[in-house]
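Down below is the structure, laid out as structure tokens.
Every chain is numbered from 1, with letters handed out A, B, ... down the list of sequences. FYI, side chains are in, hydrogens and waters are out, and symmetry mates aren't considered; it's all heavy atoms of this structure. Bear in mind the structure is a predicted one, so any value in this text is a computation, not a measurement.
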Amino acid sequence: MGELIVKKVSKRYSGGKFALKNVSFKVPSGGGIFALIGRNGAGKTTLVRILATQLKATSGSAKINGIDVSKNPELLRESIASVPQEARAVGWLTPKQFITSYLLWRGFDYGDANKKAIAALNNVGLSKYVNVQNQKLSGGLKRKVLVAMVMASDAKVLFLDEPTTGLDPISRTELWETLRRLKKDHFIFLTTHYLEEAERLADLIGVLDDGKLRAIGTLDELRKKAKYPYSIKILSKDHVEKPKNSIIVKGIDEHYQILTTENNAHAISNSLIKKGVKFSMSPLSLDDIFYYIVRKPIEVENYEEDGEW
Amino acid sequence: MVNKFSQMLASILVNAIYAMVNYPIVLISTLLAPFSLLIVITFVTHGSLLPVAIGGALIMTMIGSGTSLQQDLSHLKNDFKLQDMIVSSPTTSKVYLIGMSISEIVYSLPAIIVLVILAAFYIQTTAIGYAEIFAVMVIIFIFSVSLGFLLSTITSDVIQSWAFSGIIATILSALPPVYYPITYVPFPFRYIVYLSPATYAAEIVQNVTGLVTFSSTTLLIDWIVIIAVAIIMTYIAVKKSKWTED
Ligand SMILES: Nc1ncnc2c1ncn2[C@@H]1O[C@H](COP(=O)(O)OP(=O)(O)OP(=O)(O)O)[C@@H](O)[C@H]1O
Ligand SMILES: [Mg+2]
């Protein structure tokens, strides 16, 4: 079982501000999915590019399965593959030609590359498009070609920067299935803006905000770190006086949200039932956690600045 | 052990063979590329400068390889993020550069074949003369692709890349008297044309055609200059190319 170790990595673009500030974490990299979430400009792509040896960190170090990212990149490159955020399959090639070429770049011989390319395209449901030029494919299909490309390779560590952006809900679910199958013998480092994706897919989730790693763990662990792991949604806050040991937040939709402890949650729900007020109760979703971690709740009342998140 | 031959083949397929297979029209355009000036010069001089113009077209095809390399690689890097995908793979920058450079030769093969046939007919010289032309082409090719590769890796978008190729095209293709003898260039301007490495290459090739003759000192300087710029350019390309970003 390998490990991805990131130690005090900072990145300052020339003439710019710091995009990463002292990021440190450790995750097992033998298999499984690590999802990195964070707002636009949080530094996700910067971190991915550093780990995939495309960009040099300003300071700090990182190791993947024991291989140092900056000291020994050539060795590392034999076992990693990357689909950059804005990557596209080369337009004048067909998916088959493109993936075959990529596999040749990875060192396969032509016959093997060709076979693996076709198999990978079938695998992601693109068998109809094997010989259609990439530029004629829809945006989502173009992204699928890229996922098929790294799947077909021998790399065991895959960096996917927003792999499902632009996919329709069905294609996205299909891709999730593919990634679930892949993660058995691959370590997949992905970034996403779809929190549901991280929630459903990831074994571990990291939250990056303004260049800093604000939290990391399984969804349950992130919840446990939250001071108020339960959420009760109501339409109007007139029905409740603010319960002890909880906060009321105006949600993104028209709802109000009471965040509270497990014990309180029972008491509050009982009283709401008695009053006949409609509500819904659930453990914190990744969405909730995300909003609090990045400290951008839409409008917070009695917001306690206690930095528990 | 990674298979470097496969890695080079990938570049050749992507940038030349698949492009030609998927768009056969490409063949016609690359075939025509070096001939426009050759035809003009030949007609204007009633055929007397044909051998010089053929030699010039051979040099220009090599220069063109570098310019195309820059444009192709910038396109692949900036519009498809191909360079990032290749960086995170076992292919090194050197192998990528060599494969892509060969792809440019493959791409201009139709034109090169026609020019070589023309040269065999119209350039009357010895085996050594032909060898000299070949050597000049190889040296200019190395210079040109190194420059093209360097620029492609440091530009971050198409507009910037176009700006570079505009400047390079002027210095390397418009300025130097490759299609006609340097003696046609009047004096203060003659100093200016010596700014272009292609001028030195042209003097050697023109000397081989026998239509213009240069002193052995001039020719020696010509060889030294083109070999030196090729070595320096290759060195800079290896040292300064931004394969990974800082
Ligand atoms: N090449 C660059 N030069 C200068 N600054 C950059 C460069 N690339 C990114 N940045 C800056 O670094 C910060 C982090 O950017 P990054 O692309 O890593 O964010 P991200 O989390 O991937 O965002 P998104 O979700 O929008 O993709 C941003 O402030 C961005 O403006
Ligand atoms: Mg990004």
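- In terms of modelled atom types and a separation under 3.5 Å, the side chain of A:Arg88 and the main chain of B:Asp79 share a donor-acceptor contact.
- When the shell of 6.0 Å around OH of B:Tyr130 is examined, it contains more than 12 heavy atoms from other residues, nucleotides or ligands.
- Put simply, the side chain of A:Trp92 gets close to the backbone of B:Val14: a donor and an acceptor are under 3.5 Å apart.
- For NZ of A:Lys21, the number of neighbouring non-hydrogen atoms (other residues, nucleotides, ligands) closer than 6.0 Å is greater than 12.
- Side-chain contact between A:Val90 and B:Tyr18: absent, with no pair of heavy atoms (C-beta onward) separated by less than 4.5 Å.
- Looking at every heavy atom in both residues, B:Ser6 comes nearest to A:Asp109 through OG-CA, 3.6 Å.
- Residue B:Ile12: no heavy atom, backbone or side chain, is found under 4.5 Å from chain A.
- Residues A:Trp105 and B:Leu82 meet the side-chain proximity criterion, which asks for heavy atoms closer than 4.5 Å.
- The parts of A:Ser82 that come within reach of chain B are both its backbone and its side chain, each placing non-hydrogen atoms under 4.5 angstrom from that chain.
- With a 4.5 angstrom heavy-atom cutoff, B:Phe5 does not touch chain A via any of its atoms.
- Contact annotation for residues 125-145 of chain A against chain B (heavy-atom separation below 4.5 Å, listed by residue number): A:Gln133, A:Gln135.
- Interface residue B:Ser11: backbone and side-chain heavy atoms are both found under 4.5 Å from chain A.
- Between chain B and the residues A:Ala155, A:Pro73, A:Ala52, the largest count of heavy-atom pairs under 4.5 Å involves A:Ala52.
- With a 4.5 angstrom heavy-atom cutoff, A:Leu146 touches chain B only via side-chain atoms.
- In this structure, chain B has no heavy atom under 4.5 Å from any part of A:Ala113.
- Atom NZ of A:Lys116 sits in a sparse spot, with 12 or fewer heavy atoms from other residues, nucleotides or ligands closer than 6.0 Å.
- Taking every heavy atom of both residues into account, A:Thr94 and B:Asn22 meet most closely at N-ND2, 4.2 Å.
- Residues B:Thr244 and A:Lys56 have side chains in contact (heavy-atom distance under 4.5 Å, counting atoms from C-beta outward).
- Options A:Glu86, A:Arg106, A:Glu78, A:Lys11 differ in how many heavy-atom pairs under 4.5 Å they form with chain B, and the most are formed by A:Arg106.
- Residue with the most contacts toward chain A among B:Thr91, B:Val95, B:Val87, B:Asp84: B:Asp84 (heavy-atom pairs, distance under 4.5 Å).
- Heavy-atom contacts from other residues, nucleotides or ligands closer than 6.0 Å to NZ of A:Lys7 number 12 or fewer.
- More than 12 non-hydrogen atoms from other residues, nucleotides or ligands lie less than 6.0 angstrom from NZ of B:Lys81.
- Taking a 6.0 Å sphere around OH of B:Tyr23, one finds it holds more than 12 heavy atoms contributed by other residues, nucleotides or ligands.
- Heavy-atom distances place the side chain of A:Tyr13, and not its backbone, under 4.5 Å from chain B.
- Put simply, OG on B:Ser88 and CG on A:Leu51 are 10.0 Å apart, with the number rounded to the nearest 0.5 Å.
- Heavy atoms closer than 4.5 Å to chain B are found in the side chain of A:Glu74, but not in its backbone.
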